[in-house]
Amino acid sequence: MEIIQVVGFGLLATILILVVKEQKPIFAFLLAVSTSVMIFLFLIGKIGNVIRMLEDLAESSGVQMIYLKTVLKIIGIAYIAELGAQVVRDAGQESIASKIEMAGKVLILVLAVPIISIIIETVLKLLPT
């Protein structure tokens, strides 16, 4: 079970961070960032498999790839913004973390506008005139 490996790695890193934090806080922070990046990189392979499967499903169902790619970009922005905000929050910078989250939300909105407009156009076509 891969989750046991991830949790074990996270717990080990947490123990090391707690030990190092008293003497060298900067090293503790760097260890926390490194751990976060390593867990994220571990998950990228899994995410790649899911993306390939979703692309195959979209292709076989006739969904235009532009919609799937936009949704995948939105999901990617959400995950990366969350990871970045959590790392910055770990460094004690709540204000910057909230700005990262806000930037992620704005970028998601920008990507969602074309999909929203197509949905509105489709609904308007269905309504009797």
Side-chain angles (χ1 to χ4, degrees):
M1 302 247 299
E2 293 165 336
I3 190 64
I4 294 173
Q5 292 173 333
V6 172
V7 171
F9 182 68
L11 290 172
L12 179 63
T14 301
I15 291 167
L16 289 172
I17 289 167
L18 291 174
V19 169
V20 172
K21 192 173 193 174
E22 304 257 336
Q23 301 297 319
K24 301 280 186 182
I26 189 69
F27 288 136
F29 174 71
L30 291 174
L31 185 58
V33 171
S34 300
T35 302
S36 299
V37 169
M38 289 176 71
I39 290 172
F40 188 73
L41 290 175
F42 170 77
L43 295 174
I44 290 224
K46 306 297 178 197
I47 293 169
N49 292 336
V50 171
I51 290 172
R52 279 189 289 282
M53 187 175 62
L54 289 174
E55 286 175 344
D56 291 343
L57 286 171
E59 206 172 280
S60 66
S61 67
V63 173
Q64 292 183 18
M65 291 304 286
I66 188 85
Y67 301 129
L68 178 64
K69 288 184 188 253
T70 301
V71 169
L72 292 174
K73 285 179 186 178
I74 288 170
I75 292 169
I77 288 170
Y79 283 139
I80 291 169
E82 178 69 19
L83 175 67
Q86 287 177 4
V87 168
V88 171
R89 208 170 266 121
D90 287 344
Q93 299 297 316
E94 182 65 36
S95 175
I96 295 173
S98 65
K99 303 311 182 282
I100 290 172
E101 289 172 340
M102 182 181 66
K105 291 173 186 175
V106 169
L107 292 172
I108 287 171
L109 180 63
V110 168
L111 283 176
V113 167
I115 293 175
I116 293 170
S117 66
I118 290 170
I119 291 171
I120 291 172
E121 287 175 12
T122 304
V123 168
L124 290 175
K125 288 178 186 176
L126 294 174
L127 292 175
T129 47

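- Taking CD of Gln5 as the start and CZ of Phe42 as the end, the distance is 6.0 Å to the nearest 0.5 Å.
- Shown here for Ile100 and Ala85, the closest heavy-atom pair between the two residues is CG2-N, 4.0 Å.
- Residues in residues 71-82 take part in these side-chain hydrogen bond (donor to acceptor under 3.5 Å, both in side chains) pairs, two or more places apart or across chains: Glu82-Gln86.
- Distance check, rounded to the nearest 0.5 Å: CG of Leu31 to CD1 of Ile17 gives 4.5 Å.
- Counting only residues at least two apart or in different chains, salt bridge (Lys or Arg N to Asp or Glu O under 4.0 Å) contacts with residues 89-113 comprise Arg89-Glu94, Arg89-Glu101.
- Closest approach of Leu68 and Ala58 over heavy atoms only: CD2-CB, 3.7 Å.
- When all heavy atoms of Val33 and Val87 are compared, the pair lying nearest together is CG2-CG1, 3.4 Å.
- Taking CD1 of Ile80 as the start and CG of Leu107 as the end, the distance is 10.5 Å to the nearest 0.5 Å.
- Listed by first then second residue, pairs satisfying salt bridge (Lys or Arg N to Asp or Glu O under 4.0 Å) with a partner in residues 7-34 number zero, not counting sequence neighbours.
- Other residues, nucleotides and ligands contribute at most 12 non-hydrogen atoms within 6.0 Å of the CD1 atom of Ile66.
- Under a hydrophobic-cluster definition in which Ile, Leu, Val, Met, Phe, Trp and Tyr are linked whenever side-chain heavy atoms come within less than 4.5 Å, directly or via other members, Ile108 and Met102 are assigned to different clusters.
- Note on Leu109 and Leu72: separate hydrophobic clusters, where clusters join Ile, Leu, Val, Met, Phe, Trp and Tyr whose side-chain heavy atoms are under 4.5 Å apart, directly or indirectly.
- Hydrophobic clustering, with ILVMFWY side chains joined whenever heavy atoms are under 4.5 angstrom apart, groups Ile75 together with Ile115.
- Leu16 and Ile26 end up in different hydrophobic clusters when Ile, Leu, Val, Met, Phe, Trp and Tyr side chains are linked at under 4.5 Å.
- By the criterion of side-chain heavy atoms lying less than 4.5 angstrom apart, applied directly or through intervening Ile, Leu, Val, Met, Phe, Trp or Tyr residues, Val6 is grouped together with Met38 in one hydrophobic cluster.
- Going from atom CG of Asp56 over to atom CE of Met53 covers 9.0 Å, rounded to the nearest 0.5 Å.
- By the 6.0 Å contact criterion, CE on Met65 is enclosed, its count of non-hydrogen atoms from other residues, nucleotides or ligands being greater than 12.
- Taking a 6.0 Å sphere around CZ of Phe9, one finds it holds more than 12 heavy atoms contributed by other residues, nucleotides or ligands.
- The CD1 atom of Ile44 sits 8.5 Å away from atom CD1 of Ile51, with the distance rounded to the nearest 0.5 Å.
- In terms of heavy-atom proximity, Thr35 sits nearest to Ala13 at OG1-CB, 3.2 Å.
- Taken to the nearest 0.5 Å, the CD1 atom of Ile47 stands 11.5 Å off from the CG atom of Leu54.
- Here the shortest heavy-atom pairing between Ala81 and Gly104 reads CB-CA, 4.1 Å.
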